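What you see is a predicted model, and the numbers here were worked out from it, not measured in a lab.
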Amino acid sequence: KEVVPDTASVTFTVETTANDAKQVVKQNNNISDNLINAVKEIIAGDSSDSIQTKNFILRPNYRYDKNEKRTFLNYTALNSITVKTKKMELVPRIIDVAINNNATSVSDLDFYVENEKEFCGDLAREALNKAKIIANLTAADLGQKVKGIKSVKVDVYPQSRYGTQFASFKSADLVSGNKMTPIEFGKVKLQANVDAEFYVK
């Protein structure tokens, strides 16, 4: 079954570089705070939406000469911030606001159905009915009849996603005049698989 996704998540990375560790962390914190506050203004008022730090990295950078001798250059701080929202129509605006607030890159944009259980019942029943039909036809061809069920296993899961989605872009690649970043939600395909064993006689 193809369904329209109801939730989006996207990760923004803020990258800063400086000669001093404390300085680079402070710079990164300031930019990250501004970015988070700006995005919060867009998604405010919905308890199902969230912003959280996915990862924070502080690393020294070195230059190596031909003899593999290293010389310290500076420090880089990377702060990854993940935004989850049900306001699908606001995803392009969220991305543009993050970029305008100095997000260095955008990654892991994903659209999905948060509550797949709403569709599991109907899909499972449809798959089970097909399994019973196949079992009865097979038994009939063998001169038998289905007398009972030995075991049944049902799995419902997203099979694939359709639509234009980008995995990772630098912020400079996404800025195009005054136009908002184009986003296509596409659809999510949910699939039900049944593994059933029947008694025949």
Side-chain angles (χ1 to χ4, degrees), residues 5 7-44 46 48-114 157-189:
T7 308
S9 66
V10 60
T11 298
F12 305 107
T13 299
V14 174
E15 179 177 343
T16 54
T17 301
N19 293 327
D20 180 76
K22 290 182 179 180
Q23 180 185 4
V24 75
V25 170
K26 183 178 180 181
Q27 290 176 351
N28 197 291
N29 287 344
N30 289 337
I31 296 174
S32 297
D33 285 343
N34 290 336
L35 187 156
I36 289 171
N37 290 332
V39 173
K40 277 184 177 179
E41 291 183 8
I42 301 175
I43 65 173
D46 193 335
S48 63
D49 292 356
S50 64
I51 303 176
Q52 67 179 102
T53 298
K54 183 178 181 181
N55 196 18
F56 185 87
I57 298 172
L58 175 64
R59 67 165 185 256
N61 300 315
Y62 299 94
R63 180 178 60 240
Y64 293 85
D65 62 20
K66 60 181 180 181
N67 297 317
E68 294 300 318
K69 181 180 179 181
R70 71 179 188 177
T71 303
F72 173 78
L73 291 177
N74 48 37
Y75 290 96
T76 294
L78 295 164
N79 189 9
S80 297
I81 301 159
T82 297
V83 179
K84 173 189 159 189
T85 182
K86 287 187 171 294
K87 299 181 179 71
M88 306 293 287
E89 71 282 1
L90 294 181
V91 172
R93 184 180 166 197
I94 290 171
I95 292 174
D96 290 345
V97 166
I99 292 169
N100 289 333
N101 282 272
N102 300 307
T104 312
S105 65
V106 183
S107 63
D108 299 330
L109 175 61
D110 191 20
F111 302 107
Y112 56 95
V113 179
E114 186 170 50
Y157 56 89
Q159 184 189 41
S160 59
R161 292 178 170 87
Y162 300 92
T164 304
Q165 301 178 31
F166 55 82
S168 179
F169 283 103
K170 294 296 184 183
S171 59
D173 299 330
L174 296 173
V175 179
S176 55
N178 294 321
K179 295 182 180 180
M180 285 202 302
T181 302
I183 299 296
E184 174 62 45
F185 302 150
K187 292 184 177 180
V188 177
K189 178 178 274 189

Residues passing the side chain to side chain contact (heavy atoms under 4.5 Å, CB included) test with Q27, sequence neighbours excluded, are T16, A18, Q23
- Min side-chain heavy-atom separation I51-I81 under 4.5 Å: yes
Please tabulate, for side-chain N and O atoms in residues 62-73, each donor-acceptor pair with protein atoms closer than 3.5 Å (sequence neighbours left out).
residue	atom	partner	partner atom	Å
D65	OD1	N67	N	2.9
D65	OD1	E68	N	3.1
D65	OD1	K69	N	2.8

Would you be so kind as to tabulate the donor-acceptor pairs closer than 3.5 Å made by side chains of residues 33-42, with sequence neighbours excluded?
residue	atom	partner	partner atom	Å
N34	ND2	N30	O	3.3
N37	ND2	D33	O	3.1

All heavy atoms of K22 vs all of D20, minimum pair found to be N-OD2, 3.0 Å
Closest non-hydrogen contact found for P5 with M88 is O-CE, 3.8 Å
Sorted by chain and residue number, the side chain to side chain contact (heavy atoms under 4.5 Å, CB included) partners of V25 (sequence neighbours excluded) come out as N29, F56, L58
The side chain to side chain contact (heavy atoms under 4.5 Å, CB included) partners of T13 (sequence neighbours excluded) come to L78, S80, S105
*Taking C-beta and beyond as the side chain, do V106 and V10 meet within less than 4.5 Å on heavy atoms?*
yes
Q. Looking just at side-chain N and O atoms, do T17 and N74 make a donor-acceptor pair shorter than 3.5 Å?
A. no
d(N79 CG, I31 CD1) to nearest 0.5 Å is 10.0 Å
- prompt: When you measure from the side chain of N28 to the backbone N and O of V14, does any donor-acceptor pair fall under 3.5 Å?
  reply: yes
All heavy atoms of A77 vs all of V24, minimum pair found to be N-CG2, 3.8 Å
Residues at least two apart in sequence or cross-chain that pass side chain to side chain contact (heavy atoms under 4.5 Å, CB included) with T85, listed by chain then number, are A8, I43, D49, K87, V91, I94
For A103 and F12 the tightest heavy-atom approach is CB-CB, 4.2 Å
One should read off an interatomic distance between I99 CD1 and T104 OG1, to the nearest 0.5 angstrom, of 10.5 Å
